[in-house]
There are 2 protein chains.
Amino acid sequence: MFLEIVKQLRQLIQDEGVRVGEKLPSERELAERLQVGRSTVREALRSLELLGLIETRRGEGTFLSDFRKHQLVELLSTFILQESKSKEDVHLTRETLEKEAIRTICQSEQHQKHFIWEAFLVKLQQEPVIREDIIREIIIISGNRLSLKVWFLLKQFAGEPYQSEMNVEEKTIWMQLLNSLQNGKEQLSISLYHEWLFLMDRREKNGSRSI
Amino acid sequence: MFLEIVKQLRQLIQDEGVRVGEKLPSERELAERLQVGRSTVREALRSLELLGLIETRRGEGTFLSDFRKHQLVELLSTFILQESKSKEDVHLTRETLEKEAIRTICQSEQHQKHFIWEAFLVKLQQEPVIREDIIREIIIISGNRLSLKVWFLLKQFAGEPYQSEMNVEEKTIWMQLLNSLQNGKEQLSISLYHEWLFLMDRREKNGSRSI
DNA sequence: TAACATTGAGTGGTCAGACCACTTTGTAAT
DNA sequence: ATTACAAAGTGGTCTGACCACTCAATGTTA
């Protein structure tokens with residue numbers, strides 16, 4: 001069973017003391033050492049590669065990669081999102097993550113530290129202001145990397161409105177929201193966020209009011 | 001690249017409308033249809049198998065399996081969850097989804113319909129009361145299938161506390177929470193939920209107070 | 001007719017060998 | 001010393017060949 005090979009590979013990596021970034025034995029050598037065919041070794045290696053545990057470079061070899069780069073979310077998303085036909089669900093879940101980021105920021109002491117808002121302010125003041133950039137900044141500030149990853153994926157599925165830029169109305173709201181966040185006013189922040197959503201919604205229905 | 005084949009396989013599954021438990025085309029047929037060698041198809045299939053997305057039975061064929069059975073968690077958790085920050089992220093994201101479900105229920109008109117609460121009540125009144133079942137019911141009622149799926153995955157990472165049963169204290173809170181939900185009281189519901197989280201937290205630190 | 005045994009087609013599991021494209025390294029010519 | 005070329009090594013892919021197994025059609029027997 002090729003699962004056995006996966007196991008043996010892990011054992012071999014451990015015994016050999018292969019460290020992150022270092023090279024593994026070649027496929028042909030592994031096949032000989034594990035006493036199996038090369039194709040069997042490859043099936044195991046490709047599985048580990050799909051998981052993001054190893055990295056292969058043609059002509060060079062196979063390397064142990066940093067598993068902090070794991071592709072868990074990416075992988076699962078392709079299978080989860082495929083059946084979730086409802087765009088509405090994607091939207092709602094994405095908005096959930098955004099709102100929670102806002103709440104987290106307000107409830108933590110983070111919002112008091114001025115330097116945190118620097119990047120945010122810069123993005124909001126320069127032209128053009130891309131929605132995606134602003135929201136991403138908010139989630140980064142909230143500090144939950146997993147949320148950020150999930151959000152990033154959902155955003156890709158959500159498509160349009162995020163890739164375009166904010167109009168004057170939206171920017172006004174976000175300036176208020178920034179202020180509200182800095183003062184840790186949760187209720188007000190959420191209200192402003194909802195107000196922004198409402199604006200986006202109307203814009204989408206009315207057609208090309210943007211740009 | 002074999003990643004391309006993984007992608008194409010997904011597409012094929014979708015186009016063909018293969019459902020969970022049903023049989024996929026044979027490796028030889030797939031090779032012919034995708035215009036690649038059988039070994040390449042196998043590398044892709046074995047990867048999906050390691051993820052638990054398909055199941056192969058010698059002499060019979062390859063079958064689409066329920067993604068909920070995937071062993072990804074077991075495989076990756078040893079690598080990923082070593083940093084305590086990761087664990088915390090998982091917890092927080094999971095709680096985010098749970099809270100949002102509560103909010104959604106309160107804000108919709110759903111909570112007024114009595115029949116919705118039947119399954120919930122049954123689960124809460126019978127013994128033993130498994131935490132996981134209750135929360136799942138809440139998210140189902142909220143109606144966001146995508147959230148449910150993401151939550152399901154995170155729950156597996158979260159591990160312990162969810163698989164055991166509630167004690168008397170917890171059940172009391174949940175009876176109140178149920179009542180609060182039925183009346184659409186958002187603030188109160190969230191407060192009760194937080195109270196429950198606090199209880200779980202304390203229980204975890206104090207050790208084996210449950211069962 | 002019913003129960004059993006046999007056979008063959010189809011399937012995944014594995015292997016060996018052959019190319020290909022690419023990278024690295026060693027070697028020879030300049 | 002630099003450059004140009006050749007060779008070895010590596011992953012990527014395909015082919016064909018077995019094996020072990022399952023299942024269903026077929027044939028055989030009671």
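Naming: A, B, ... by sequence-line order, numbering from 1 per chain. Atom set for the values below is all heavy atoms of this structure, side chains included, hydrogens, waters and symmetry mates excluded.
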[X] [atom1] to [N] [atom2]: how many Å, rounded?
{"X": "Phe63(B)", "N": "dG10(C)", "atom1": "CZ", "atom2": "C1'", "answer": "12 Å"}
{"X": "Glu55(B)", "N": "dT22(D)", "atom1": "CD", "atom2": "P", "answer": "14 Å"}
{"X": "Lys23(A)", "N": "dT25(C)", "atom1": "NZ", "atom2": "C1'", "answer": "14 Å"}
{"X": "Glu29(A)", "N": "dA8(D)", "atom1": "CD", "atom2": "P", "answer": "18 Å"}
{"X": "Glu43(B)", "N": "dG13(C)", "atom1": "CD", "atom2": "C1'", "answer": "14 Å"}

Hey, are [X] and [Y] close enough for a salt bridge, meaning a charged N less than 4.0 Å from a carboxylate O?
{"X": "Glu132(A)", "Y": "Arg136(A)", "answer": "yes"}
{"X": "Arg46(A)", "Y": "Glu27(A)", "answer": "yes"}
{"X": "Glu98(A)", "Y": "Arg94(A)", "answer": "yes"}
{"X": "Glu95(B)", "Y": "Lys99(B)", "answer": "no"}

Fill in: Pairwise distance OG1(Thr96(B)) to NE2(His91(B)) - rounded to 0.5 angstrom
12.0 Å

Fill in: Approximate separation, where rounding is to 0.5 Å, of Leu45(A) CG and Ile54(A) CD1
4.5 Å

N or O in side chain of [X] less than 4.0 angstrom from [N] OP1/OP2:
{"X": "Thr56(B)", "N": "dT11(C)", "answer": "no"}
{"X": "Arg42(B)", "N": "dG13(C)", "answer": "yes"}
{"X": "Arg46(B)", "N": "dG13(C)", "answer": "yes"}

Worksheet item: What does nucleotides 15-20 of chain C look like as a protein-contact string, B for base, S for sugar-phosphate only, - for none, at under 4.0 angstrom between heavy atoms?
Response: B--BB-

Practice prompt. Flag yes if more than 12 heavy atoms outside Lys23(B) fall under 6.0 Å of its NZ atom; otherwise flag no.
Written response: yes

Worksheet item: Using Watson-Crick and G-U wobble pairs whose two distances are both under 3.5 Å, how do you write the pairing of DNA chain D as dot-bracket, with | for links to another strand?
Response: ||||||||||||||||||||||||||||||

